[in-house]
Novice: 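Submitted below is the structure of interest, expressed as structure tokens.
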2 protein chains.
Amino acid sequence: MTIEDQIQTAPLPLSRKLSINLLYTANWANDILAEALKPHDLSLQQFNVLRILRGQKGKPANLSTINDRMVTKMSNTTRLVDKLIKKEFVVREVCPSNRRKVEILITAKGLESLQKMDEAVATAEDKITAQLNSNELEHLNNLLNTLRTETNN
Amino acid sequence: MTIEDQIQTAPLPLSRKLSINLLYTANWANDILAEALKPHDLSLQQFNVLRILRGQKGKPANLSTINDRMVTKMSNTTRLVDKLIKKEFVVREVCPSNRRKVEILITAKGLESLQKMDEAVATAEDKITAQLNSNELEHLNNLLNTLRTETNN
DNA sequence: CCTATACATTTGTATATACAACAATTGTAA
DNA sequence: TTACAATTGTTGTATATACAAATGTATAGG
């Protein structure tokens, strides 16, 4: 279904059509991922933080590191981490070598829970991409990367 | 820049890479649009509601109509409209023929303000799509539409 | 040593949104 | 006509997020 049909609007200039389609489609994908995580009582953003911490392989991460690696920007990783602490999925300590920083570590419980969610999320990701073959997915990936290319002006 | 470089992660399966890239890129586009609207003190969602109401060409819209046409889903168009009323960009009345419904109309002030924002938003949309030519944009559009195609299973 | 500045994070305030509970109105059917 | 269900919106609670101000810590220059 075209995006014009989807949101019932008159024909749009291409740049507008693409902008709307991009946001609309991402929202659609977001819903599928959120749905997959719902039984685990974790938001997509909380899941992302956990996944980043697992990627650290035991090395603690400080807030700005997590922030840099988030898919969506956060002025507020502090409060996300607060919620993960309440669930006992991560621990937070003051960095001994530089007490301005904090060190955040995923716990055994966090790793365990993450493992249980992996399958659900992978299924959701497959669902999102199911309608395209590998070549098309690569192409789509490249087009998205190009879109974000910075101009030097 | 590839999405793996962007968020500093190990190589990912294609379905995950695309899912992340889609959310990341939409977020990037969202920021550009929000930035363009910032001088006008209007959020992207408020702008979208106004644009939908203008599309009604004088015909009032009720809440569920607006909801259907929103790019991002809303459990909460009520409160968005509240904010637009406070800015005197729209008015809300009870529908006389069916008093469960409400009728929402854009005001002259709303139309006027919208017109001023049009240029800023069009510029933002051009910026979002600047790195691709028409053919590529059409292709990207089609790939996004295909992605959202429902399966009948 | 003292102070200005930079750094890393936290907190307050506002917006957007999901979900569930609630309320009012209308339609239907015994 | 009364009971019940469906429709349409509103409201309460929780999460995510942007932005700005505040907090606490480190560092560099005088």
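Letters go in sequence order (proteins before strands), and every chain restarts at 1.
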Novice: Name the residue closer to the 5' end of DNA chain D, choosing between B/E35 and A/Q46 according to the nucleotide with the nearest heavy atom.
Specialist: A/Q46
Novice: Of A/D82 and B/C95, whose nearest nucleotide on DNA chain C comes first from the 5' end?
Specialist: A/D82
Novice: What pair of heavy atoms forms the shortest contact from A/S134 to B/L14, and how long is it?
Specialist: O-CD2, 3.7 Å
Novice: Going by atom types alone, do A/T65 and A/N62 pair a side-chain donor with an acceptor below 3.5 Å?
Specialist: yes
Novice: Under 4.0 Å from OP1 or OP2 of C/dT15: is there any side-chain N or O of B/Q45 that close?
Specialist: no
Novice: For C/dT9, does either OP1 or OP2 sit under 4.0 Å from a side-chain N or O belonging to A/T77?
Specialist: no
Novice: Under 4.0 Å: is that the gap between some side-chain N or O of A/R92 and OP1 or OP2 of C/dT10?
Specialist: yes
Novice: Between D/dT8 atom P and B/E93 atom CD, what is the distance in whole Å?
Specialist: 19 Å
Novice: Go through D/dA26, D/dT10, D/dC19 for me and flag the one nearest to the A/R100 side chain.
Specialist: D/dA26
Novice: From the set D/dG9, D/dT17, C/dT17, return the single nucleotide nearest to any side-chain atom of B/L80.
Specialist: C/dT17
Novice: Within this structure, what is the NZ-to-P distance between B/K87 and C/dA14, rounded to whole angstrom?
Specialist: 13 Å
Novice: Nearest whole angstrom, please: distance from the P of D/dT15 to the CG of B/N76.
Specialist: 17 Å
Novice: Please tell me which of B/K38 and B/S64 maps to the more 5' nucleotide of DNA chain D, matching each residue to the nucleotide holding its nearest heavy atom.
Specialist: B/S64
Novice: So, B/N67 and B/S64: side-chain donor and acceptor under 3.5 Å apart, yes or no?
Specialist: no
Novice: Tell me: NZ of B/K101 to C1' of D/dT7, nearest whole Å?
Specialist: 9 Å
Novice: Of all the choices, D/dT17, D/dT10, D/dT8, which nucleotide is nearest to the side chain of B/V102 once you look at every atom?
Specialist: D/dT10
Novice: I want to check one thing: is the phosphate of D/dA14, taken as OP1 and OP2, less than 4.0 Å away from some side-chain N or O of A/K83?
Specialist: no
Novice: Any donor-acceptor pair under 3.5 Å joining the side chain of B/R99 to the base of D/dG9?
Specialist: no
Novice: With the side chain of B/L63 defined as its heavy atoms from C-beta on, choose the nearest nucleotide among D/dT11, D/dG9, C/dT26.
Specialist: D/dG9
Novice: When you get a sec, tell me which of C/dT11, D/dA26, C/dT9 is the closest nucleotide to the side chain of A/N98?
Specialist: D/dA26
Novice: Measure CD1/B/I104 against C1'/D/dT10 and give the value in whole Å, please.
Specialist: 12 Å
Novice: What is the distance, rounded to the nearest whole Å, between atom CG of B/L37 and atom P of D/dT17?
Specialist: 20 Å
Novice: Measure from CZ on A/R79 to C1' on C/dT10 and round the result to the nearest Å.
Specialist: 8 Å
Novice: Roughly, in whole Å, what's the span from CG in B/D68 to P in D/dT8?
Specialist: 10 Å
Novice: Are there more than 12 heavy atoms of other residues, nucleotides or ligands under 6.0 Å from atom NZ of A/K87?
Specialist: yes
Novice: For residues B/L147 and B/L18, determine if any side-chain heavy atom of one lies less than 4.5 Å from a side-chain heavy atom of the other.
Specialist: yes
Novice: Could you check if a side-chain atom of B/N21 sits within less than 4.5 angstrom of a side-chain atom of A/R148, using non-hydrogen atoms only?
Specialist: yes
Novice: Using a cut-off of less than 4.0 Å, is there contact between a side-chain N or O of B/T78 and OP1 or OP2 of D/dT11?
Specialist: no
